[in-house]
Amino acid sequence: MIRFNHVVFRYTPDAPRVIDDVSLTIEKGESVCVMGANGSGKSTFARLVAGLLQPVRGTVEINGHVPSNEVGILFQNPDNQIVAVTVEKEIAFALENRGVPYEEMNVRVGQTLERFAIAHLRKRLTSELSGGEKQRVALAAIMVSEPSILVLDEPGSFLDEAGKTALYNELAKLREQNPAMIQVHITQYPATARRYNRMLVFEKGKIV
């Protein structure tokens with residue numbers, strides 16, 4: 001569950017409110033689309049859900065406590081979140097940070113590569129991947145940790161139509177495979193919004 005309770009956020013003390021007294025609840029298993037004009041607050045909302053930003057007023061709760069590693073976030077540009085030299089190491093990165101034993105980590109990496117149909121990329125350099133391949137690798141690197149909430153901050157923005165279709169099909173498959181997982185998808189595209197059961201529209205930091 002995601003719960004915002006009168007959340008306010010601004011980037012500097014004297015700046016306007018980017019998120020302005022937002023209260024909402026997103027229940028377990030919901031799939032939610034978030035729309036709004038540039039600067040409306042939707043990407044800031046995504047970062048608050050993921051725990052990358054902290055509210056200056058109010059509270060954000062994830063399953064009853066502050067945001068944690070239960071939330072995975074996929075950004076517009078995968079280059080902004082890929083950190084490893086090879087695909088294999090990128091998938092393993094989150095598990096290494098949590099101290100998962102090597103044997104278990106190796107199994108989970110292999111399973112994740114197969115699950116996302118990227119096993120053929122295992123030894124490839126991440127710098128040599130196409131945009132679509134990078135986005136699938138970034139998504140796999142998030143899902144290897146099995147987060148209960150997946151936040152998608154306009155992940156199709158840097159992809160061509162074929163890449164977008166492949167990504168959105170993968171996200172739909174994730175919803176089928178993980179019916180309890182929450183998906184929050186930030187987008188500007190009505191065609192993407194139609195894939196979701198609930199919509200939030202932001203304007204000047206408020207849900208309208």
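Since we're looking at a predicted model, the values are computed, not measured. Position 1 is the first residue of the sequence, and the numbers go up from there.
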Passes side-chain contact (heavy atoms from CB on, under 4.5 Å), T187 versus V34? Steps please.
-> CA-CA 6 Å; T187 186; V34 180; over 6 Å; no
Derivation and outcome, side-chain contact (heavy atoms from CB on, under 4.5 Å), residues E133 and E128 = CA-CA 9 Å; E133 288 171 338; E128 295 178 349; over 6 Å; no
Hey, quick one: are [X] and [Y] part of the same hydrophobic cluster, counting side-chain heavy atoms closer than 4.5 Å, chains of contacts allowed?
X: V60; Y: L52; answer: yes
X: V87; Y: L95; answer: yes
X: V100; Y: V144; answer: yes
X: F75; Y: Y11; answer: yes
X: V49; Y: L150; answer: no

Are [X] and [Y] side-chain neighbours, meaning at least one heavy-atom pair lies under 4.5 Å?
X: F116; Y: E170; answer: yes
X: T25; Y: M1; answer: yes
X: I73; Y: I142; answer: no
X: L200; Y: L24; answer: yes
X: N197; Y: V32; answer: no
X: L174; Y: R115; answer: yes
X: T192; Y: H185; answer: yes
X: V201; Y: I207; answer: no

At what distance, to the nearest 0.5 angstrom, does [atom1] of [X] lie from [atom2] of [Y]?
X: E96; Y: I91; atom1: CD; atom2: CD1; value: 11.5 Å
X: L152; Y: L171; atom1: CG; atom2: CG; value: 5.0 Å
X: L129; Y: I82; atom1: CG; atom2: CD1; value: 6.5 Å
X: R198; Y: S31; atom1: CZ; atom2: OG; value: 10.0 Å
X: S23; Y: R3; atom1: OG; atom2: CZ; value: 10.5 Å
X: R122; Y: K89; atom1: CZ; atom2: NZ; value: 11.0 Å

Not counting sequence neighbours, list each pair that qualifies as a ring pair (Phe, Tyr, Trp, His ring centres under 6.0 Å) and has a residue in residues 29-55.
->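 Output for this query lists F4-F45, F45-F202.
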Which atoms form the tightest heavy-atom contact between [X] and [Y], and what is the distance?
X: P190; Y: M35; value: N-CE, 4.1 Å
X: A117; Y: R136; value: CB-NH2, 3.6 Å
X: Q135; Y: Q76; value: NE2-O, 3.3 Å
X: G72; Y: P147; value: N-CB, 3.7 Å
X: G58; Y: P55; value: O-CG, 3.7 Å
X: L159; Y: P155; value: CD1-O, 3.9 Å

When you measure from the side chain of [X] to the backbone of [Y], do you find a donor-acceptor pair of N or O atoms at a distance under 3.5 Å?
X: E114; Y: Q111; value: no
X: R10; Y: A15; value: yes
X: T126; Y: V85; value: yes
X: E90; Y: A84; value: yes
X: N106; Y: Y102; value: no

Show your working on side-chain contact (heavy atoms from CB on, under 4.5 Å) between S145 and R98 and close with a plain yes or no.
-> CA-CA 10 Å; S145 300; R98 297 183 188 183; 3.5 Å; yes
For the residue pair [Y] / [X], report whether a side-chain donor-acceptor contact shorter than 3.5 Å exists.
X: N178; Y: E146; value: no
X: Q183; Y: Y196; value: yes
X: E70; Y: N63; value: yes

So which pairs with a foot in residues 152-165 pass salt bridge (Lys or Arg N to Asp or Glu O under 4.0 Å), sequence neighbours left out?
->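 As it turns out, the salt bridge (Lys or Arg N to Asp or Glu O under 4.0 Å) pairs with a partner in residues 152-165, which skip direct neighbours, are R47-D153, E161-K164.
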Just do the salt bridge (charged side-chain N to carboxylate O under 4.0 Å, His left out) check on K134 and D79 with the steps written out, would you?
-> CA-CA 8 Å; K134 285 180 179 179; D79 287 329; 2.8 Å; yes
Check step by step if side-chain contact (heavy atoms from CB on, under 4.5 Å) holds for L74 and Q81.
-> CA-CA 8 Å; L74 185 65; Q81 67 188 102; 3.8 Å; yes
